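Before any comments, here is the structure.
First the proteins, then the strands, lettered A, B, ... as listed; each starts at 1. Bear in mind the structure is a predicted one, so any value in this text is a computation, not a measurement.
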Amino acid sequence: MSEQVSRRDFLKLAGLGAATTAVLTGCGPASRYVTREPYQQMPEYNLVGHSTYYATTCRECAAACGIVVRTYQGRAIKVEGNANHPLNLGKTCARGQTSLQGLYNPDRVTDPIKRSVRGDVASETMNWDDALQVVTDALKNHKPSEIAFLLGTSADHLFDLVTDLANSTGVNAPVRFGALSMFEARATLSKAAENLFGQAGLPWFDIANAQAVFSFGANFLETWISPVSYTRGFSNLRKAEGLKPRGQFVQFESRMSATGARADEWVPLRPGTEALVALAIGKLVAEHHGMEVPKIFSGVDPAEVAEQADIELEALEHIAKMFAEAKSIAVPGGAALGQSNGLAVAEAVLALNVLADNIGKAGGVYLSPLAPTETEYQRPASIQEMKALIEKMNAGEIKVLFVHGGNPVFELPLALNIRGALGNVEQVISFATFPDETALESDYVFPDHHFLEGWGYQRVATGVNLPVLSGAQPVVSPLYNTRSTVDVLLTASQAAFGNALPFKDEVEFLHSKVIALMGEAGGSFSATDEESFMASFQQYGGWWKKSNGTTSASDSNVLDKTANAEVAEFAGEGEFFLVPFVSPTLGEAGANKPWLQELADSTTTVMWNTWVEMNPETAHHQGIHNDDLIKIISEAGEIEVPVYLYPAIRPDTIAIPFGQGHIAYGRYATTTDENGNVLQRGANPADLLSIHFNEAGDLAFAGMKVRIEKTGRTKPLSRLESRIGVYNEGMEGH
Amino acid sequence: MTATAKPYSKSAKTHDAHHEDEHDMKQYLMYDPKPRGEMNRMVMESMTTTSWKFWVVFAILGVLVATCFVYAWGYLIAEGLGVAGVNRPSYWGIFLVNTVFWIGISHAGTFISAILRVFKAEFRRPFTRAAELMTTFGLIQAGASIFMHLGRVWLSYWLLPIPNQRMLWPNFHSPLMWDLLAITTYILSSTIYLFMPLIPDLAMARDRSTGWRKTFFKILALGFRGTEGEWRHLTTAMNIFAFAIIPVMFSVHTIVSWDFAMAMRPGWSSSVFGPYFVLGALHSGMGAVAIVLFIMRLTMKHMDYFIRKEHFDALGKLMLIVTFAYTYFFFNDYILQWYGGDKWTDALLHWLEEGPMSWMFYQLILFNLVIPAFTLWNKKIRQTPWLLALIGFIINIGMYWERYLIVPVMLTINRAPFTWKLYQPNIEIFLTIGTFATFLFFYMLASRLIPLIPVWEVEEGQMTHSLRKVGKAELPTISEFE
Amino acid sequence: MSDTTLLLAVFEEIDPAANAVEKLHEMNIADDDINIISGVPIAHKMLGRPHPWTNVSKLSLGGAFVGFCVGLFLNFGTPYLYADTVSVGGQYVTPVPPGLIIMFEMTMLFAMLSAFLGVLLDSSFPNYRPLEYVAEVSDGKIAIFFRCPNGEKQKICGCAYKTRRNIR
Amino acid sequence: MKIDLNLVGAKGAIAEAAEGKWGMTIDQDVCTGCQACVAACAMENNLSFVGEEDAGYGRTQHWIRIERFWEGEYPEIKATPNQPMLCQQCGHAPCEPVCPVFATPHSDAEQLNLQVYNRCVGTRYCANNCPYQVRSFNWRDYHIDPFHANMVDGKLVFALHNQFNPDVTVRRRGVMEKCTFCIQRIHKAQDTAKAEGRDVFDGEFTTACAQACPADAITFGRVDHHESLVSQLSHHERGVKHLEELNTLPRVTYLKGA
């Protein structure tokens, strides 16, 4: 332990050097970019001109990929995948790569600040002693039941700390939320697994070893649950090796996602019919095998389903034949679950896997193993649970709200009006690293370190059939006057509640949690003393079991259940189904990383903005052209978005990516007019979402119908692609 | 001189009146001689008589030069090419359009003075200087446009054929390097070629002016007197230049075309580009000469004596010939691309004919081929100065469109259709206005500072003319002194 | 020089000037002592004068040769001035076809530059010292300067049509 | 100096050994278009982002871009396989001879197209002549735009500059740039191997894009070592060179089809 603390100290020293010498000089040659590090401030084992690599865990989403950060003279230079890490095997996604632009983002909150008027950008800087006093007072002067914590989906060690705090002092148990978990409908998936297999948790789909993948809306190559791991699985699915043929991939969805774009068969079914289609396929497969149609599939008529789903019966039969003849796996996810019958969809699709007899088998569905230190799968809150929290806030039952890791003001549907609910909370304290919308609505912002500056661990919820606890450590010393939220809470809670959490600091807390694994057998490394164990934990970037830790589910009765064979209900009036989806490049919180903004969207190649995808035929009938700004009106709200004529979307559907539409969150997430006023960049489809839930309590975000209005204005979208070369614009005769 | 020939020299006036049609005579400068002293006076007056209108135009141009040329260029250098409209794939934009355009304009001067000199075309005499001035000033604009185009213009000396600090020489594989050498050769030789025939006229002006003008002319005249030796050296050198500058002229525009034709691109990679560009240059250059002559005649004193219908007529004929030749090469280039059937060239033709810039393509055909071909055959039109200038103007618009189509519009189409983007000019518009303003500014300045009519050449021409009686008619004959 | 006088005769027309030159020849005044100044290039034959000598062509030819060598050096010499040659696009280090262009341009440039240099050298330009000259020549008149022994001045003047003044 | 007559010639170019040294294969069948390679390249090579307006106008500084087209009409529409397009490091690079100042010569040692930033004067001829259109030009001083800076004690502080890779030059306005096959990594690996008295072994290092690619679509290595993975993949029956008919001898092999 002392070893790590001392290293942290000299990292701090190095960081001081970085902060003081990073000031750039005026004009001159290119060498002006090189800032130098004084030799005497280098860590003792650093060699000038040589890079040092630190293993840690990416927190850009909750997947918990292991990364190795190359540092050079006290600066983080490059993120690489941790090749040892079983989840991502050395690979990273674009969001992980650009996490450095979060670390070095010019819009970070550099000091603790106090805001006299919520929502006002103006604030005054505080020192940490006063800040700690504020937190202490907040904990001390309120009843524990009036204190609530709203946490993000990452930083599991903080979640554990607050859970411990809740257990020992009686403050409300922490609520976790992230837009990704909303759009992934994790609660639905977990509930379906519980209903069918008797165990809650995220199933893991071993697509790599399957021969045919049938995905019902799961955007597993983009942001879905663990995209890097699933992309590797997809890659292995596609690679023909020896006797293994190239695997087939069928995607059912109403709007071609980046995942669907890679499918061999892309089936644009009418939204809301996913469950029926899955059941019909089940029935056809059973008939193909000449077996008795299981009860769960017996309630549907494939011909009727084909008509309801707006697809050809032959196509359905063809797909069923594919399913029957190969080692198949069916994956539910994404917009298919975010509908009124989302749970039915998930159950029907999982039942297909039971029919394919692949549960717990290679190329099939596993129940994800519990991560080390975990006793049950702790899923993020569903929107129904968030609504309950907001109602508590509105009722004045919550006097102090601590917010960390998420940006609920931006991410939650506007219809939930969390901004108004915050108004009913006496004191809102944010630990945000960036000045996001939630921090703007807080009385205090006590900035946490960026994750590359802080300690921690992250549990791998799914993505690999091993239990993995991914370790995090600082790769650079903190750049600014920030402080770890764990340390803040430890100090304040000790002042407020005595020795409720008896830890000296964050590192000691981590130690207490991680060291429990030392005795476990089959670990990725072993050590005889605690210090070596902790050192290895940091060095390897975590601890995991070496052998398969999946639990085999019981699937005996699944096929005998009765399925809810109905089309989903859609809320609101209008001619278009609305499909909101998470931007594959930005994710939920990437909008403030300029390079993520400049990455071309995988399907539309749009950069830096929000668009609405519309079928060109529909648009032609409505007299709508590319870049026309249209108003989308739902029963909950309206937004204005420029049009992208997208050839691969149903004519009765429009789709909008989530990720833009910030009014705060830094200069790259917003725009400015010529007078320097901050304006919204793009639009936020969460503003359109009305509050309807599926049976699992997840928001039916894809269960809405909307109408559109032309505004007569245009907003040119920045695309990487050529409209001339890709869509033959201006060359109609060609 | 034959016995039947009557010399048309100064004394001719005193001869018994010929019963020639006076009106017809007025068409021909050579048959309407004035004493040299009178011509000198007229030329000097045209140079020194300046109306307030001139100064108004001059001041406006000066403001344009200061803002659209000097300031805009400074801004471009300070900010980088981002303020221009260039992008991927149109890495080259209007700056190179302007370069090609101005080099094209510059060709007329050389063509008129060198080729017509070699072939002893008499009508050239009064306007060779005006055309040569266009060459020099046009080349200045062309050179400036190249430098505007460079990403790091402050390092442009790295292009010179001298080694850098690390003894690295430039790359002579590069068409741009050939271009640099060719344009350098051309700009130096055409400036000297402008200057050498100017020396006797400068000496004339020196003898007829006072004050700062006298000093100015004295310095520029280099001490020329007109001795037999001086004339001999001068005319020898001028003959050498006349012959040498013709291949240089052809090489320059051919090499300019090779900047494009050497590239591995659809539309550009064409073996006919060399002559096509040369003819295009002459096409726009002739048009520009017509405009300049019209303006000179309109605005400058006594110019209606020197520049007459015969000159417009002859120029019109030349323009007609060039039109046909240009049409031939245009069609040649087009059908080659059209027939080839290459995927990318096909796409390019579709882009030109149906894309957003297709109006330019059709205007090109109308302005460069149709209008001149259907008007210039008419003698009345040719002899009407403002009409000829108008046709010259239309041709120049058409030729500008041609270069615009070749550079940024053709650059849109390449072998990577994912990158096709349309080019939209930005600061280039101002800088284009700036180059035109600078050209006119220089020209107006020159019209006040140097004799725009080569008086000695006109006199030489008049001396060589005579009328020869054939039957009842008297026909003009021409002989050269040499 | 003191025993000679410089005389000037100015003529409006070529024919009288030619006659005057003929008369001077008859008076044994050598061509070298006659200097004719005119406003247009009058061919030597018209006045019965010997062919004037000029170096311009020769200099130009020499310049052309120098230019050719410069072109040769630029294309075929400079790439070998480094220890390692710089290769581009798989082309020869010293390719012939582009070399022809370089050599052509350099030849023409140097030929023309030296022709101009020849004019300057042969005519001693620029030269701002006062020399025998009358401004009328640029009005188209023909001036004949000639040098004669002091004693024959009167005789010549008597023969000449007109005498304006002598210089010096 | 002795003039090697083999270097003087009037006939066509000398064919470089068709294989080259370093090469890459990209399996288009598994590329998901996730943009991780683009982001990794940007982070490794100090690429500048250009902002919304310039990006839409065709001024992005991507050294690698992922191209996709469409086939068919709805509902039988398919996105074509993603085609990551980057500098092909041609053996006969059309970009090389046209540069008047030797700013983009061919490396005989590594058989790569070099881009010498500090020699470049910005004629942009190379970019015009690149059939793959993979060169990007620094239209502005994007990196030192004051928009990215914060005013600290009266000085502009660019926090993002802390992330610059010290092994790669930061380019300023007026300079052409392009993919270098991460030549800084090549040199580092070679230096390490040389210090240890051995050869660089296959897979010892790779380019930033290949390293990040979650689908493992990109493979990099020595194409002239026949036992190397990239060499074997590039001789795969699915291997296709882009615009091969131009005789540019590209070093990137695309694995097409399935």
Side chain to side chain contact (heavy atoms under 4.5 Å, CB included) between C:Leu113 and B:Ile192, worked out: CA-CA 8 Å; C:Leu113 283 183; B:Ile192 296 171; 3.7 Å; yes
- request: Would you mind reporting whether C:Pro95 and B:Phe172 have side-chain heavy atoms less than 4.5 Å apart?
  value: no
Against chain C, work out which of [options] has the most heavy-atom pairs shorter than 4.5 Å and name it.
options: B:Thr227, B:Ile245, B:Ile199; answer: B:Thr227
options: B:Met238, B:Arg206, B:Arg208; answer: B:Arg208
options: B:Arg41, B:Lys218, B:Glu457, B:Met39; answer: B:Lys218
options: B:Met204, B:Met177, B:Glu38; answer: B:Met204
options: B:Pro200, B:Ala182, B:Pro170, B:Ser189; answer: B:Ala182

Given a strict heavy-atom distance threshold of 4.5 Å, which part of [X] is in contact with chain B: side chain, backbone, both, or neither?
X: C:Leu120; result: side chain
X: C:Val56; result: both
X: C:Phe110; result: neither
X: C:Ser60; result: side chain
X: C:Ile101; result: side chain

Supply the atom-to-atom distance [X] [atom1] to [Y] [atom2], rounded to the nearest 0.5 angstrom.
X: B:Ile187; Y: C:Leu109; atom1: CD1; atom2: CG; result: 12.0 Å
X: B:Glu228; Y: C:Thr54; atom1: CD; atom2: OG1; result: 13.0 Å
X: B:Leu181; Y: C:Ile102; atom1: CG; atom2: CD1; result: 5.0 Å

Using non-hydrogen atoms and a 4.5 Å limit, figure out which bit of [X] sits close to chain C: side chain, backbone, both or neither.
X: B:Ile255; value: side chain
X: B:Asn171; value: side chain
X: B:Phe195; value: side chain
X: B:Pro247; value: both

Output yes when a side-chain donor or acceptor of [X] lies under 3.5 Å from a complementary backbone atom of [Y], and no otherwise.
X: B:Arg225; Y: C:Ile37; value: no
X: B:His173; Y: C:Tyr92; value: yes
X: B:Asp207; Y: C:Ser138; value: no

message: Assess the residue pair C:Asp122 and B:Arg232 against the criterion (salt bridge (charged side-chain N to carboxylate O under 4.0 Å, His left out)); give the C-alpha distance rounded to whole Å, side-chain angles, the decisive distance to 0.1 Å, and a yes or no.
response: CA-CA 10 Å; C:Asp122 275 359; B:Arg232 166 84 178 143; over 6 Å; no
message: Before you tell me yes or no, could you show the steps for C:Glu105 and B:Trp178 under side chain to side chain contact (heavy atoms under 4.5 Å, CB included), namely the whole-Å CA-CA distance, both residues' side-chain angles and the distance that decides it to 0.1 Å?
response: CA-CA 8 Å; C:Glu105 294 297 341; B:Trp178 316 338; over 6 Å; no
What are the two closest non-hydrogen atoms of [X] and [Y], and how far apart are they?
X: B:Ala237; Y: C:Ala115; result: CB-O, 4.2 Å
X: B:Ile240; Y: C:Ser57; result: CD1-CA, 3.9 Å
X: B:Trp231; Y: C:Ser38; result: NE1-O, 2.9 Å
X: B:Ala244; Y: C:Met108; result: O-CE, 3.2 Å
X: C:Tyr128; Y: B:Gly223; result: CE2-N, 4.1 Å
X: C:Gly39; Y: B:Arg36; result: O-NH1, 3.2 Å

message: Counting only heavy atoms not in C:Phe65 (residues, nucleotides, ligands), do more than 12 fall under 6.0 Å from its CZ?
response: no
B:Leu234 vs C:Ser123, side chain to side chain contact (heavy atoms under 4.5 Å, CB included): CA-CA, chis, key distance, verdict: CA-CA 9 Å; B:Leu234 205 57; C:Ser123 313; over 6 Å; no
task: Establish, yes or no, whether a centroid distance under 6.0 Å links the rings of B:Trp169 and C:Phe73.
output: yes
message: Quick check on the interface: out of C:Met106, C:Arg49, C:His51, C:Met112, who has the most heavy-atom pairs with chain B under 4.5 Å?
response: C:Met112
